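Values in this document were obtained by computation on a predicted structure and should not be read as measured data. Heavy-atom basis, side chains included; hydrogens, waters and symmetry copies ignored.
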Amino acid sequence: MDELDQKILTALAADSSTSVSRLARRFKVARSTVQARLERMETNGTIAGYTIKLGDVALARRIKATVLIQVEPRTSASVVTRLKSLPEVEMVATSTGRVDLIAQIACDSTEEIDGTLDQINAITGVQDIESLIHLSTKFDRSI
């Protein structure tokens, strides 16, 4: 990945709807060059898809929480599979330290958060959970 690839990725991370023509003009390269770079990055897995990033108005209606999950030995894979089936679970990562998994959930109400936490706690292999409700986002650099 070279400097042009990085510039293309940064531009698309800021606005995934930016056209190939606009990217080509911005970076002073041929449209076919940008198209070829995008196709290569899609093929090699650098770009997994294109999406939108919700604005503050839409996000204000969603309550997010981070859930710290301790699992029984050798049950992580099955717990992750079950977590993946819950639509409220947006992301799951493995972790070092006192917890095994970190999940991010998003719900429309505190009641829905409570129900989702109950579902997570009921998964076979889950030993303990701790939830941290997100109050406000100060900044978000995620792509």
Side-chain angles (χ1 to χ4, degrees), residues 1-27 29 31 33-143:
M1 184 172 321
D2 65 10
E3 186 178 344
L4 179 58
D5 289 343
Q6 287 288 2
K7 287 179 180 179
I8 291 169
L9 288 175
T10 300
L12 290 174
D15 181 1
S16 64
S17 67
T18 305
S19 70
V20 172
S21 298
R22 176 176 264 174
L23 291 169
R25 283 192 305 274
R26 182 183 301 171
F27 303 125
V29 296
R31 184 185 180 290
T33 300
V34 173
Q35 186 65 47
R37 298 291 183 109
L38 289 172
E39 288 173 5
R40 180 176 43 78
M41 288 189 280
E42 290 167 0
T43 301
N44 71 20
T46 300
I47 296 175
Y50 300 87
T51 187
I52 62 168
K53 189 172 185 177
L54 296 177
D56 292 338
V57 172
L59 289 175
R61 289 177 274 192
R62 300 287 283 168
I63 301 169
K64 291 196 174 210
T66 297
V67 184
L68 308 176
I69 306 169
Q70 292 177 327
V71 300
E72 296 171 1
R74 295 178 295 283
T75 62
S76 286
S78 63
V79 170
V80 169
T81 299
R82 182 68 181 101
L83 289 169
K84 194 173 188 178
S85 73
L86 300 175
E88 299 83 8
V89 177
E90 295 183 325
M91 181 278 301
V92 174
T94 56
S95 175
T96 61
R98 66 181 181 83
V99 298
D100 303 296
L101 301 171
I102 299 170
Q104 180 171 297
I105 63 174
C107 300
D108 292 324
S109 67
T110 55
E111 291 81 12
E112 190 178 332
I113 291 254
D114 192 38
T116 301
L117 293 174
D118 287 344
Q119 289 178 39
I120 292 171
N121 212 24
I123 295 172
T124 301
V126 170
Q127 286 182 323
D128 192 29
I129 65 171
E130 179 181 347
S131 61
L132 307 165
I133 305 295
H134 300 198
L135 298 177
S136 67
T137 301
K138 302 302 183 186
F139 66 89
D140 182 356
R141 290 190 179 124
S142 62
I143 295 178

Could you pull out every donor-acceptor pair under 3.5 Å between side chains of residues 42-50 and any protein atom, sequence neighbours left out?
from : atom 1 : to  : atom 2 : distance (Å)
E42  : OE2    : Y50 : OH     : 2.6
T43  : OG1    : E39 : O      : 2.8
N44  : OD1    : T46 : N      : 2.9
N44  : OD1    : T46 : OG1    : 2.6

Could you list the donor-acceptor pairs under 3.5 angstrom formed by side chains in residues 73-92, with sequence neighbours left out?
from : atom 1 : to   : atom 2 : distance (Å)
T75  : OG1    : E72  : N      : 3.4
T75  : OG1    : E72  : O      : 2.6
S78  : OG     : T75  : O      : 3.0
T81  : OG1    : A77  : O      : 3.0
R82  : NH1    : S85  : OG     : 2.6
S85  : OG     : R82  : O      : 2.6
E90  : OE1    : K64  : NZ     : 2.9
E90  : OE1    : Q104 : NE2    : 2.8

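- Just one of I102, L101, D100 meets the side chain to side chain contact (heavy atoms under 4.5 Å, CB included) condition when paired with L68; it is I102.
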Decide side chain to side chain contact (heavy atoms under 4.5 Å, CB included) for S136 and H134; before the verdict, give the C-alpha distance in whole Å, the side-chain angles of both, and the deciding distance to 0.1 Å. CA-CA 6 Å; S136 67; H134 300 198; over 6 Å; no

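- With contacts defined as side-chain heavy-atom distances shorter than 4.5 Å, the pair L12/L38 qualifies.
- Rounded to the nearest 0.5 Å, atoms CD1 (I63) and CD1 (I105) are 10.0 Å apart.
- Nearest heavy atoms, E130 versus L132: OE2-CD2, 4.0 Å.
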Throw together a table of side-chain donor-acceptor distances under 3.5 angstrom for residues 13-26, partners on residues two or more places apart or in other chains.
from : atom 1 : to  : atom 2 : distance (Å)
D15  : OD1    : S17 : N      : 3.0
D15  : OD1    : S17 : OG     : 2.6
S16  : OG     : T51 : O      : 2.2
T18  : OG1    : D15 : O      : 2.8
S19  : OG     : R22 : N      : 3.0
S21  : OG     : R31 : NE     : 3.4

From CA spacing to verdict: salt bridge (charged side-chain N to carboxylate O under 4.0 Å, His left out), R37, D2: CA-CA 10 Å; R37 298 291 183 109; D2 65 10; 2.7 Å; yes

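- Atom CG of D5 and atom OG1 of T10 lie 10.5 Å apart (nearest 0.5 Å).
- Atom CD1 of residue I133 and atom OG1 of residue T66 lie 9.0 Å apart, to the nearest 0.5 angstrom.
- From D108, atom CG reaches atom CZ of R62 across 4.5 Å, with rounding to the nearest 0.5 Å.
- From I8, atom CD1 reaches atom CG of L4 across 4.0 Å, with rounding to the nearest 0.5 Å.
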